[in-house]
Amino acid sequence: MPAKPEDHLYLVDGSGFIFRAYHALPALTRKSDGMPVGAVSGFCNMIWKMLQDLKGDDAPSHVAVIFDASRFSFRNEFYPEYKAQRPDAPEDLRPQFGLIRDATRAFNLPCIEIDGYEADDVIATYAREAAAGGAEVTIVSSDKDLMQLVGGRIGMVDLMKGKVIGVEQVREKFGVGPERVIDVQALAGDSVDNVPGAPGIGVKTAALLINEYGDLETLLERAAEIKQPKRRQSLIENAELIRISKRLVTLDDNVGNLPAYDELARRQPEAEMLLSFLNEMEFSTLTRRIAAIFGVEPPAAAPAPEPEAVPAAEPGAEAAVEAAKIDTSAYEIIRDADALKAWIEKIYERGEVAVDTETTSLDEMTAELVGVSLATAPGRACYIPLGHQTGDGDLLGAAERAAGQMALDDAIAILKPMLEDPSILKIAQNMKYDLKVLARYGIWVAPFDDTMLLSYAQEAGMGGQGMDALSKRHLDHEPIPIKTLLGAGRKKITFDRVEIDKAAPYAAEDADVTFRLWKILKPGLVRNRVTRVYEVMERPLVPVLADMERAGVKVDRDALSRLSNNFAQKMAGLEAEIHELAGEKFNVGSPKQLGEILFDKMGMDGGKKGKTGAYATGADVLETLAAEGHDLPARVLDWRQLSKLKGTYTDALQTHINAETGRVHTSYSIAGASTGRLASTDPNLQNIPVRSEEGRRIREAFIADEGNVLLSLDYSQIELRLLAHIADIEALKQAFAEGQDIHAATASEIFGVPVEGMDPMIRRQAKAINFGVIYGISAFGLANNLRIPREDAKRFIDAYFEKFPGIRAYMDATVETAKKQGYVETVFGRRIHTPEINAKGPMGGFQRRAAINAPIQGSAADVIRRAMVRIPPALAKAKLTARMLLQVHDELIFEVPESEADETAETVRKVMEGANLPAVALTTPLVADAGKGRNWAEAH
DNA sequence: GGGATCACG
DNA sequence: GACGTACGTGATCCCA
């Protein structure tokens with residue numbers, strides 16, 4: 001029976017799944033006999049996830065999972081080298097190929113492979129047949145070789161990335177439509193598969209040529225007309241090779257002896273078959289999860305808990321079970337004191353409650369409370385509306401308080417004792433926000449757990465820590481988007497304008513989801529051995545940061561305003577000069593226009609276009625031009641600096657001054673950076689200028705209150721010190737122990753020159769190498785940074801590794817660790833996950849460098865977090881009144897009465913320099929330097 | 001809304 | 001054999 005138009009056929013690229021599962025997951029072996037099963041586990045999770053996702057309207061009527069039969073296919077008959085250079089599959093993957101086919105069958109899915117053909121050919125054949133019958137076809141794969149099939153009824157989807165690959169995406173990748181993809185592939189070749197193509201021609205050039213000549217045959221016939229001699233020659237000389245390449249990349253959509261289309265009709269998984277397979281594999285989590293969905297007991301004899309290597313919180317654990325129960329219509333709306341008291345009673349019975357606040361703004365310093373939601377168990381949640389308004393809320397239509405709400409004061413009076421009760425655990429997603437809002441209503445929430453931070457401690461780098469991301473990952477549930485309530489753009493309203501009946505399901509759902517997440521994430525702390533990370537470096541930081549943010553920093557508005565005017569004047573002068581030099585007026589702030597002036601109109605050399613087709617005009621480009629004696633780019637550099645300072649700092653900072661406090665209150669994200677660093681937003685006070693003289697004037701506008709000074713303490717070379725410790729580099733450790741100038745010492749070591757009377761240039765180069773090492777050094781990067789030939793950079797690096805072989809060992813070992821366990825660790829046990837570490841090509845290099853950097857940057861971040869948590873109590877104990885205001889990665893800024901400044905500096909220094917203890921004894925001392933002054937520039 | 005640019009550690 | 005690469009962030013501007 002042929003395919004019918006109402007059919008929907010899913011063709012899963014099983015071989016692609018295998019390699020993804022294998023590389024994405026840490027090695028995992030079966031407990032009982034040590035059999036490697038990591039890829040099987042990943043494969044099962046992926047298939048299960050896919051089947052779960054395929055329940056709605058687009059549920060397929062037919063499904064097949066297709067595999068490569070062997071590494072040889074008919075293509076080797078006419079081109080023996082095809083895929084010949086590919087290494088054998090890794091040793092621990094080979095035994096899993098068969099198990100994965102078993103797994104496919106255990107899911108009751110057809111498992112198809114045809115000798116002499118690749119999976120892609122089989123997919124092409126089924127796709128063509130089904131599409132011919134009018135059916136819809138979805139290919140589940142990310143393989144570029146399948147993209148030639150896209151179009152019409154045939155679509156493609158990359159489930160791992162959640163990305164649909166349509167004609168547009170194909171066009172983006174190959175520069176031509178699907179029907180010409182094989183032409184481009186034939187020209188460009190493929191080194192991974194050993195498809196020769198035309199030497200010297202890549203995808204970009206191939207697409208260009210194909211688009212110009214229409215198709216490959218025409219191009220080859222008219223190759224003589226090509227203007228570029230190299231391309232012309234390459235095409236003429238290699239015409240035959242190119243034709244072979246085309247045969248190699250063209251999928252055969254006429255594979256014979258395939259199981260009939262009918263046999264692909266979708267069959268539901270059968271509990272017994274699937275569960276016994278999973279149980280045999282000893283995948284206890286997945287077994288339990290799926291058993292629950294089937295509503296049966298998991299098979300007995302499921303052996304001991306899963307090994308350590310199972311990733312973090314086991315995304316999706318218990319997920320679907322809970323998800324089925326999320327019913328946003330089942331929540332209660334609390335409208336009077338009696339109802340609220342009943343909830344408080346329930347909370348006391350349980351001892352724990354999820355809390356979420358709804359407010360008028362995302363800025364906690366000005367946000368007003370609109371409502372509070374509570375959840376005491378999965379599905380048991382309520383919403384307490386407190387500040388909802390009726391009416392449009394436009395300037396004329398006076399808003400009125402909506403009916404059916406408790407008085408705010410009454411609700412606060414009832415909630416406060418519970419929220420402050422030490423015996424009741426409050427659970428929130430991003431508690432810092434709620435803590436700050438409630439603090440303004442006289443409530444100081446404690447004790448608490450924070451689901452965002454529970455996830456961050458376990459899953460940093462594995463995906464976001466936002467509520468929506470967590471809910472999707474762990475509960476397989478998409479919460480109501482806030483957009484559906486507030487709208488977007490010009491017509492966006494504030495939460496107090498949302499009708500209570502609409503607000504309640506959203507708000508209560510947030511508390512419900514938070515509670516469910518907590519149930520899943522809290523136990524993961526122990527399993528993942530990150531309890532200390534969470535308890536010492538995440539959770540206690542929340543109230544500390546809340547206090548810092550609430551304190552804010554005083555800023556001299558008039559000084560900023562004067563600077564703004566000053567900058568504006570200078571910019572106007574520069575702009576006139578620039579227009580004069582260009583011979584016409586244009587927007588200096590537009591890189592596009594500037595590029596055209598420089599390279600098209602004025603004909604300067606070195607114009608390089610990026611992927612958007614615009615010339616690059618970054619500072620490095622302009623500096624090169626300026627060095628060649630061009631005035632215009634030099635002026636633009638000056639203009640840009642002023643424009644940046646004015647636009648980002650002197651103008652913008654003034655708008656951030658809080659009307660009530662007269663100070664600037666930033667907000668720190670605790671779970672923003674994957675390495676453990678904080679990030680500062682609204683405004684970002686971690687990137688206030690300091691490197692240029694003009695920029696430092698802006699720091700002068702950050703001042704202390706009357707009678708106070710600003711006190712700054714910063715860690716000296718903390719990352720290099722930690723590198724010396726982590727990589728165990730004796731020479732570096734000694735240099736630090738002796739208090740030497742570390743860059744000079746490094747220079748002396750690698751270049752063999754004495755520190756005395758050292759050429760500053762030599763020291764500068766050593767400094768660049770030192771930083772480079774922290775970043776996962778490459779000759780390219782160092783050459784770029786120092787503006788020296790790459791060969792020289794390579795020599796420097798070689799000399800460096802020669803002197804410090806331990807560094808290379810550290811780098812290799814770190815990448816190895818990342819590949820093996822899927823994460824790297826700081827010295828304090830913070831885990832940074834590296835899910836893409838096995839990516840091929842440039843991405844792989846990127847990921848490797850990030851993995852090398854993460855333990856160093858992350859350990860430094862841990863150190864200062866530990867210090868920050870201890871400083872407030874240390875100050876209190878010493879009866880000092882200083883307030884901690886800002887953190888800039890390795891620096892802390894305090895506002896302190898002038899008379900206490902020195903004693904505060906010593907107290908803080910002691911905490912900072914001992915922040916690693918007692919958890920970790922460092923073999924390199926930590927050193928903090930202090931400075932004070934009326935403003936930040938003086939203190940720094 | 002994405003890319004280019006540039007401020008910081 | 002070519003390509004693209006220093007690590008981590010956030011804000012602003014232009015421009016489609």
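So you know, we letter chains A, B, ... as the sequences are listed, proteins then strands, and number each from 1.
Here A/S674 reaches the OP1 or OP2 of C/dT9: one of its side-chain N or O atoms lies under 4.0 Å away. Side-chain N/O atoms of A/R849 include none lying less than 4.0 angstrom from OP1 or OP2 on C/dT5. Within the 4.0 Å cut-off from OP1 or OP2 of C/dC14, at least one side-chain nitrogen or oxygen of A/N587 is found. Taking only side-chain nitrogens and oxygens, A/R677 never comes nearer than 4.0 Å to OP1 or OP2 of B/dG9. Listed pair A/T617 / B/dT5 meets the phosphate criterion, a side-chain N or O lying under 4.0 Å from OP1 or OP2.
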Can you name the atoms? Protein N/O to nucleotides 1-3 of chain B N/O, anything below 3.5 Å, with the distance.
none

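The shortest non-hydrogen separation linking A/A915 to A/Y715 is CB-OH, 3.7 Å. Closest non-hydrogen pair, A/L722 versus A/I856, comes out as CD1-O, 4.2 Å.
A donor-acceptor contact under 3.5 angstrom links the side-chain atoms of A/R691 to the base of B/dG9.
For the residue pair A/Q641/A/S692, the side-chain donor-acceptor check at 3.5 Å is satisfied. At a cut-off of 3.5 Å, with distance as the only test, no side-chain donor of A/Y649 or A/N684 sits close to an acceptor on the other residue.
Note: A/F796 and A/Y800 fail the aromatic proximity criterion, with ring centroids not under 6.0 Å apart.
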Notebook entry, point to check: So A/K794 and A/D798, salt bridge (Lys or Arg N to Asp or Glu O under 4.0 Å) or not? Walk me through it.
Noted result: CA-CA 6 Å; A/K794 184 163 183 320; A/D798 288 344; 3.1 Å; yes
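Nucleotides B/dG3 and C/dG4 are separated by 16 Å at their P atoms, to the nearest Å.
Nearest to the side chain of A/V888, among C/dA11, C/dG8, B/dG9, sits B/dG9. Relative to the side chain of A/A768, the nucleotides C/dT5, C/dA6, C/dT12 differ in distance, and C/dA6 lies closest. Considering only side-chain atoms of A/L645, the nucleotide from C/dT12, C/dC7, B/dA7 that sits closest is B/dA7.
To the nearest angstrom, C1' of C/dA11 lies 6 Å from NZ of A/K644.
With sequence neighbours left out, the salt bridge (charged side-chain N to carboxylate O under 4.0 Å, His left out) criterion links A/D741 to A/R763.
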